[in-house]
Amino acid sequence: MARGFLVLNLLVGLLLGLLYYEHGPQTAAKSTELVDGVEAAAYEPGAAKPTRAAFVVLVRNSDLRGMKQAMRQIEDRFNRRFNYPYVFLNDVPFTDEFMVETRAMTRANVSFGTIPHEHWSYPAWINQTYAQECRQRMHEQKVFYALSESYRHMCRFYSGFFFRHPLLQDLDYYWRIEPDVEYTCDINYDPFLFMQRRGIKYGYTIALHEYPETIPTLWTTVKNHIAKHPEFVRHPAGMRWLSATDGDTYNGCHFWSNFEIGSLELFRSPEYQAYFEHLDRAGGFFYERWGDAPVHAIAAALMLQKHEVHWFQDIGYYHNPWHNCPQDAQSRLRCHCDPAKNAASHYWASCTHEWLDLPNANTTGSRGMLRRGFTDLEDLSDTVDMPFEKSTYINDPIHGYIRLNKDMLQIIDTPQFQRLRSLKQLGTSYFVFPGGSHNRFEHCIGTAFLAGEVIEGLAQRQPELEISARDIRCVTLAGLCHDLGHGPFSHIFDNKFIPQAMPGSKWSHEMGSEMMLDHLIDDNHIDTLDSSDVSFIKQLIRGCAPHSSDGKMFLFDIVANKRNGVDVDRFDYVQRDCYNVGVRTSYDFSRLMLNSRVIGDEICYNQKEAFNLTEMFHTRYSLHKRVYSHRAGKAFELMMVDIMLIADPVLRISEAITDPRRYQLLTDNIVHDIERSSEPELQPARDLITRIYRRDTYKFVDEYLLPPDQASAISSAVTAAAIVGFRTDNDDFVERDVLINIGRINYGKGRENPIDHVRFYSNYAPNEKYAIDREMISLCVPEKYEERILRIYTRSSDKRGQIQRAARRLVNKLNRDLPATPNSSPPSMTPNRGLTIPDNRTVADSKRRRLLF
């Protein structure tokens with residue numbers, strides 16, 4: 001009875017299938033896609049195909065529903081015209097239900113095969129007890145599929161046995177299909193024929209990084225094989241895709257093998273089979289969790305020329321959680337995927353960019369293909385061959401692997417840029433936060449990376465902006481060079497030292513960056529940047545331009561955004577500083593970049609990112625409050641300014657701001673220059689350096705948060721001389737003992753809410769920009785966005801109490817005498833009770849008690 005029902009089900013399924021293919025939906029429009037200039041024709045189910053090829057599917061009986069979904073996708077999008085056969089493989093016999101229902105999905109021939117036992121079992125050399133222990137350890141490490149034995153058998157089968165199955169012996173090409181995948185674009189040409197005519201041996205859609213915990217010894221095993229069989233490496237340039245360390249380590253890059261269209265000749269070759277045998281004997285498929293994807297990818301990268309590996313950018317494909325979605329507007333007419341979710345656009349995860357950048361005499365398009373996409377395959381043959389572009393990779397703790405192209409390297413590999421290694425990003429805050437040892441060097445590289453990500457993302461998402469290769473290049477280099485002009489201890493030099501050493505000077509580190517950029521270009525004979533490029537880069541660093549002839553004013557928002565402060569410089573330093581000093585942040589800068597678009601010549605953000613932006617500005621404020629303006633850090637800062645002021649008449653430090661050759665040598669190492677000196681005039685500076693080492697710093701006395709409308713008046717009134725005027729007869733401190741520090745902390749736009757200066761768009765009106773009221777973001781936003789802090793320090797720790805009491809007498813007088821402004825009540829600066837120094841306690845006593853406690 002059951003068998004009769006199955007036969008009836010088969011007949012009904014076949015009848016429905018025939019009706020579907022006779023009268024079912026057709027593609028929206030006839031494609032113009034060509035294969036070597038010849039439009040592909042449809043093939044009848046039983047007719048000979050120009051290529052001996054088939055779909056190869058490894059699947060369980062229990063995956064029937066997911067398999068039917070995938071077949072429906074591939075049939076609708078491609079195979080109802082081309083009718084390539086299916087080969088289904090399983091480690092157990094297929095059920096009648098599976099065979100009946102899958103055959104009903106297609107008019108093409110369908111074959112079912114069982115995998116030989118020796119191809120789906122433990123080989124004799126595997127210690128199964130140890131393998132079980134390894135699986136348990138990986139499970140404790142929360143590795144995906146850690147406990148699964150069948151997953152390991154599957155990876156081993158696809159790595160070394162699938163091409164040996166009898167059902168594949170008459171085939172030259174295979175197309176791997178998995179259950180539950182989606183094909184999201186019409187495929188109106190024959191990929192098998194395309195590969196055959198072009199000599200392509202391997203095709204992919206998505207390239208990613210492998211989980212390193214699944215393959216800890218894979219690369220060591222591969223290197224051992226290469227040492228014994230150097231002929232395995234036919235394409236040495238492919239090593240650059242696999243390793244950023246000249247083959248010493250593996251970066252995890254692999255082609256995601258759940259989609260593969262490949263030539264079986266590759267896997268049948270003696271070189272590949274010897275390679276697999278070596279891996280198999282090592283036991284990593286069972287003692288670790290080696291996947292077939294990195295095994296295939298390593299072989300393809302090292303055995304094939306670049307032109308023999310093809311990225312099917314035009315085939316829309318989805319396997320949870322990654323998409324391959326064509327980027328050009330014409331392709332969207334035959335696709336239903338979201339271009340914004342394209343895996344290759346996620347630079348932190350994708351390895352596609354790196355593969356396209358590999359050298360090859362026959363390369364077709366390189367990164368330019370990635371940016372503009374292709375609809376017609378004939379375009380590929382018309383693409384100009386790209387010469388090899390020198391590049392290297394660094395692994396950054398914030399952004400992961402960063403590619404440095406030849407334009408960046410010619411800047412980085414210079415004495416002027418390498419100088420940034422000797423400039424602490426956090427200046428004297430490093431004395432308080434030992435983790436803050438990072439330098440301007442890595443910050444500039446990170447900013448350049450983000451600048452490239454932002455502008456390339458805009459170019460991909462909005463081709464109508466007509467962003468040129470020059471725009472991309474100059475914006476990236478502006479991010480790279482924006483901090484070339486920083487002096488010793490970063491902002492201390494231009495904000496504190498120069499105003500005192502050269503009163504009236506308007507010099508800034510941005511001016512220094514422009515000077516050093518000119519010097520870098522001249523000194524290193526860089527002739528790839530003309531004068532207009534250099535001028536453009538300088539304007540981008542300043543973040544403003546009086547006029548842009550091509551109307552691309554949004555370019556000036558990327559590196560130094562004067563509109564609202566949302567720029568890649570801030571993206572990088574906020575994340576980098578938080579990471580290094582241990583301050584947690586909840587904002588996600590990658591979401592901001594992905595949800596940005598240009599409207600009305602201004603970079604705008606999706607309205608759903610409003611709170612994310614608020615968090616970014618709050619994180620910036622928090623860093624200033626907790627790190628950059630730390631009381632102890634400011635004490636070190638005051639000491640460092642004194643050290644440089646003492647040394648300036650001898651070393652002529654300040655004069656270097658107009659001499660790029662001298663400025664190039666001016667770094668944080670100025671401290672060591674002073675230490676090594678023997679000039680008697682520098683002895684006071686050397687004494688201060690010794691005090692810093694011994695942590696005998698200038699002492700904090702008191703602080704006040706200034707009323708906003710009275711901040712300027714109070715700042716002018718509270719001076720060292722004014723405090724001395726309130727001494728008592730028993731006080732002996734002098735003006736030299738008192739130091740005043742006035743700091744300004746805000747959200748990045750002075751007293752204004754920076755969100756008021758950001759423009760947003762909605763998914764329903766992506767071309768209309770508008771402002772968002774703060775109440776629409778949260779009812780818990782602050783009312784004020786800036787605070788002025790007046791701090792008092794002393795150079796003489798034993799006079800701390802005297803100075804505090806005198807300063808508070810001055811403050812009490814100001815509270816009585818200063819008039820109210822039209823927008824505020826009279827000033828009221830209340831002393832902080834917790835900072836009051838008792839008359840009978842000395843600083844030394846206080847410190848000793850803390851140590852004893």
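Here, residue 1 is the first one in the sequence, and each next residue gets the next number. What's counted below: heavy atoms across the whole structure, side chains too, no hydrogens, waters or symmetry copies. As the structure is a prediction and not an experimental result, all values here were calculated from the model.
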Exercise. For residues D572 and H443, is any side-chain donor paired with an opposing acceptor at under 3.5 Å?
Worked result: yes
Problem set entry | Under the side-chain hydrogen bond (donor to acceptor under 3.5 Å, both in side chains) test, residues paired with D527 that sit two or more places apart | none
Problem set entry | Between Y318 and N324: side-chain donor-acceptor atoms closer than 3.5 Å | no
Exercise. Are the ring centres of H310 and F194 closer than 6.0 Å?
Worked result: yes
Using a 3.5 Å cut-off and no angle test, enumerate the donor-acceptor pairs between side-chain atoms of residues 767-776 and protein atoms at least two apart in sequence or in another chain.
unit_1	atom_1	unit_2	atom_2	d
N767	OD1	R597	NH2	3.0
K769	NZ	E602	OE1	2.9
R774	NH2	D756	OD2	3.3

Problem set entry | Parallel, tilted or perpendicular: rings of F556 and F536 (30°, 60°) | perpendicular
For this session: Check for a donor-acceptor pair, side chain of W311 on one end and backbone N or O of T205 on the other, with a separation under 3.5 Å.
Result: yes
Problem set entry | N612 (side chain) donor-acceptor with D588 (main chain) under 3.5 angstrom | yes
For this session: Take C325 and C337 through the disulfide (SG to SG under 2.5 Å) test and state the conclusion after the steps.
Result: CA-CA 6 Å; C325 186; C337 55; 2.1 Å; yes
For this session: Establish, from distance only, whether the side-chain atoms of D569 and H482 form a donor-acceptor pair under 3.5 Å.
Result: yes
Exercise. Distance-only, no hydrogens or angles: does the S535 side chain make a donor-acceptor pair with backbone N or O of S531 under 3.5 Å?
Worked result: no
Exercise. Is C444 close enough to C481 that their SG atoms are under 2.5 Å apart?
Worked result: no
Exercise. After noting the C-alpha distance and the side-chain angles of D601 and K552, does the key distance pass the salt bridge (charged side-chain N to carboxylate O under 4.0 Å, His left out) rule?
Worked result: CA-CA 6 Å; D601 216 15; K552 298 177 184 175; over 6 Å; no
For this session: Return each pair, listed once, that meets ring-ring contact (aromatic ring centres under 6.0 Å, His included) where at least one residue sits in residues 747-769; pairs must be two or more places apart or across chains.
Result: Y621-Y747, Y747-Y785
For this session: Taking the six-membered ring for Trp and the full ring for Phe, Tyr or His, determine whether the centres of Y204 and F259 are under 6.0 Å apart.
Result: no
Seminar exercise, completed: So the salt bridge (charged side-chain N to carboxylate O under 4.0 Å, His left out) pairs with at least one residue in residues 603-618 (sequence neighbours excluded) are R591-E609
Exercise. So does K562 pair up with D567, basic N to acidic O under 4.0 Å?
Worked result: no
For this session: Indicate, with yes or no, if the rings of F589 and H399 have centres closer together than 6.0 Å.
Result: yes
Exercise. Does any donor atom in the side chain of N320 or D180 lie under 3.5 Å from an acceptor atom in the other side chain?
Worked result: no
For this session: Report the distance from atom CG of L540 to atom OG1 of T476, rounding to the nearest 0.5 Å.
Result: 10.0 Å
For this session: For Y605, check ring pair (Phe, Tyr, Trp, His ring centres under 6.0 Å) against everything at least two apart and list the hits.
Result: none
For this session: Check step by step if side-chain contact (heavy atoms from CB on, under 4.5 Å) holds for R334 and D314.
Result: CA-CA 10 Å; R334 58 180 181 84; D314 59 305; 3.5 Å; yes
For this session: Using a strict 4.0 Å threshold on nitrogen-to-oxygen distance, state whether R77 and E75 make a salt bridge.
Result: no
Exercise. Step by step, would you call E308 with K306 a salt bridge (charged side-chain N to carboxylate O under 4.0 Å, His left out)?
Worked result: CA-CA 5 Å; E308 295 178 301; K306 181 187 172 187; over 6 Å; no
Exercise. Regarding Q416 and N524, is there a side-chain donor-to-acceptor distance under 3.5 Å anywhere?
Worked result: yes
Exercise. Any donor and acceptor pair, going by atom type alone, linking the side chain of N79 with main-chain N or O of Y84 inside 3.5 Å?
Worked result: yes
Exercise. Can you tell me if CZ on F441 sees more than 12 non-hydrogen neighbours from other groups inside 6.0 Å?
Worked result: yes
Exercise. Side-chain contact, heavy-atom cut-off 4.5 Å: Y183 with D76?
Worked result: no
For this session: Test F255 against W355 for ring-ring contact (aromatic ring centres under 6.0 Å, His included), laying out the working first.
Result: CA-CA 10 Å; F255 305 116; W355 179 262; 5.5 Å; yes
Problem set entry | Polar contact flag, side-chain donor to acceptor under 3.5 angstrom, S508-E510 | yes
For this session: With sequence neighbours excluded, tell me which residues meet salt bridge (Lys or Arg N to Asp or Glu O under 4.0 Å) with K749.
Result: none
Exercise. If only atom types and distance count, is the side chain of R461 paired as donor or acceptor with the main-chain N or O of Q327 below 3.5 Å?
Worked result: no
Exercise. Looking only at atom types and distance, does a side-chain atom of D338 sit under 3.5 Å from a main-chain N or O of A340, one as donor and one as acceptor?
Worked result: yes
For this session: Check the pair D396, I445 against side-chain contact (heavy atoms from CB on, under 4.5 Å), reporting the backbone distance first and the verdict last.
Result: CA-CA 9 Å; D396 180 67; I445 291 177; over 6 Å; no
Problem set entry | Flag, side chain of E210 to backbone of H254, donor-acceptor distance under 3.5 Å | no
Exercise. Are the aromatic ring centres of W175 and F78 under 6.0 angstrom apart?
Worked result: yes
For this session: Please check if the side chain of D483 supplies one atom and the backbone of H486 the other of a donor-acceptor pair under 3.5 Å.
Result: no
